[in-house]
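Just below is one structure, and these are the notes that go with it.
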2 protein chains.
Amino acid sequence: MKLSTRGRYGLKAMYQLALHYGEGPIALNNIAKKQGLSENYLEQLFSVLRKEGLIISVRGAQGGYMLAKDPQHITVGHILRTLEGNMAPVDCLTDENVKCDREDECATKFVYAQMIDSLNNVIDSITLQDMIDEQKKNEMIK
Amino acid sequence: MKLSTRGRYGLKAMYQLALHYGEGPIALNNIAKKQGLSENYLEQLFSVLRKEGLIISVRGAQGGYMLAKDPQHITVGHILRTLEGNMAPVDCLTDENVKCDREDECATKFVYAQMIDSLNNVIDSITLQDMIDEQKKNEMIK
DNA sequence: GTGAATGTTGACAGAAATAGTAGGGTATAT
DNA sequence: ATATACCCTACTATTTCTGTCAACATTCAC
Ligand code: FES
Ligand code: FES
């Protein structure tokens, strides 16, 4: 039940974009360098995020990426599902063709259904803006 | 964020044991056959469950496995964490030595903390008995 | 006691998913 | 024109997951 690097890197990168929302495009190598990640690898993730409409790219010199909308309108859930695929712990929850049983009914499915519901509730309720606010709060305390 | 076969097979097998709770030990090949799983593989999972004290093994002829306690006192959470390791989406939540950042504070950790909390709440609130009850209810409807 | 059934253990191998690399192409600001 | 930075696809390396195997230990039925 681990998140892969796709989700982790992607969410952090999106947070960086959120921090500089409204300041124009930010180059990828900037973000990659700051977090010690492979620029090429991040690029793959950003490509997916762009196609999903979460970010906008600006090509050419002085180009880069920026959020497609206000940080408070982008949820963590949207980001994670875009990068990780659906967050279902088992495939039968999202793919009609998958079933673990032939004969008897599956007794475990309802457990997994509750897991995914709960998980989606949490991640859909957190926006990038919430992350920023939380971070500021923590810095205040220090 | 997928559950591995360890958790899936293990939970189903435990459910089988729960169905026959109080009827003495059940041989592994019995369960394996019924669900079309490798007996040897299931064996590995049961070994872990036994060490965790969730099941009791009876050796020798007519031996097998049975639940160590009443189905209503065994939670899905206990089973899944035993087989899958902790359910944390990232390691830093459970391992002090892991941190994703050096300099700036990590803004994503609080997201993951909420995820694991929510997940644990759900799976700890479901017992094997609940699964049995749910299943019965569904059969009634049919 | 003997033999059959069953659990116990650890090592190992194949398969699949993940993570990361490489390189050529395209658009744009200057 | 040229440098910059996004765009795309294919490939490779690494790790994790899944499953197999074999030798061994314990207990039951007789
Ligand atoms: S059908 Fe999905 S877990 Fe059984
Ligand atoms: S320290 Fe765990 S996600 Fe950053």
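Here is the naming used below: chain letters follow the sequence lines, and residue numbers restart at 1 for every chain. Values below: every heavy atom of this structure, side chains too, minus hydrogens, waters and symmetry copies.
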[N] [atom2] sits how many Å from [X] [atom1], rounded?
X: Y65(A); N: dC6(D); atom1: OH; atom2: P; result: 5 Å
X: N40(B); N: dT6(C); atom1: CG; atom2: P; result: 14 Å
X: L83(B); N: dT18(D); atom1: CG; atom2: C1'; result: 14 Å
X: E43(A); N: dT4(D); atom1: CD; atom2: P; result: 16 Å
X: K2(A); N: dT18(C); atom1: NZ; atom2: P; result: 14 Å
X: L17(A); N: dC6(D); atom1: CG; atom2: P; result: 11 Å
X: F46(B); N: dT8(C); atom1: CZ; atom2: C1'; result: 14 Å
X: L45(A); N: dC6(D); atom1: CG; atom2: P; result: 14 Å

Just to be sure I understand the geometry, which residues of residues 47-59 of chain A put a non-hydrogen atom under 4.0 Å away from DNA chain C?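 Going residue by residue through residues 47-59 of chain A, the ones with a heavy atom under 4.0 Å of DNA chain C turn out to be R59(A).
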Taking only side-chain N and O atoms of [X], does any of them lie within less than 4.0 angstrom of OP1 or OP2 on [N]?
X: Y41(A); N: dA13(D); result: no
X: Y9(B); N: dC17(D); result: no
X: S4(B); N: dC17(D); result: no

I want to confirm an ordering. Mapping G64(A) and E39(B) to their closest nucleotides on DNA chain D, which one lands closer to the 5' end?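 In this pair, the answer is G64(A).
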Here's a test of your reading of the structure: between Q44(A) and A61(A), which maps to the more 5' nucleotide of DNA chain D?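 Closest to the 5' end, via its nearest nucleotide, is A61(A).
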Quick one: are Q135(A) and F110(B) in side-chain contact, heavy atoms under 4.5 Å?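 In short, these two side chains do not touch, never coming nearer than 4.5 Å.
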Going by atom types only, do Q129(A) and D133(A) share a side-chain donor-acceptor pair under 3.5 Å?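 Yes - a donor-acceptor pair under 3.5 Å links their side chains.
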Taking E134(B) first and then K137(B), would you say they form a salt bridge - that is, a charged N and a carboxylate O separated by under 4.0 Å?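 K137(B) and E134(B): salt-bridged.
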Kindly compute the distance separating CG (N30(A)) from CD (E39(A)), expressed to the nearest 0.5 Å.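 Going from the CG atom of N30(A) to the CD atom of E39(A) covers 10.0 Å.
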Flag, side chain of Q16(B) to backbone of I31(B), donor-acceptor distance under 3.5 Å: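 Between the backbone of I31(B) and the side chain of Q16(B) there is no qualifying donor-acceptor contact (under 3.5 Å).
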Sidechain-backbone polar pair: R6(A) side chain, L83(A) backbone, donor-acceptor under 3.5 Å: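 At least one qualifying donor-acceptor pair exists.
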Counting only side-chain heavy atoms from C-beta out, which of dC6(D), dA11(C), dT18(D) sits nearest to T5(B)?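 Among the listed nucleotides, the one closest to the side chain of T5(B) is dT18(D).
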Where do K99(A) and D91(A) land on the salt bridge (charged side-chain N to carboxylate O under 4.0 Å, His left out) test, with the steps shown first? CA-CA 8 Å; K99(A) 273 180 192 133; D91(A) 286 331; over 6 Å; no
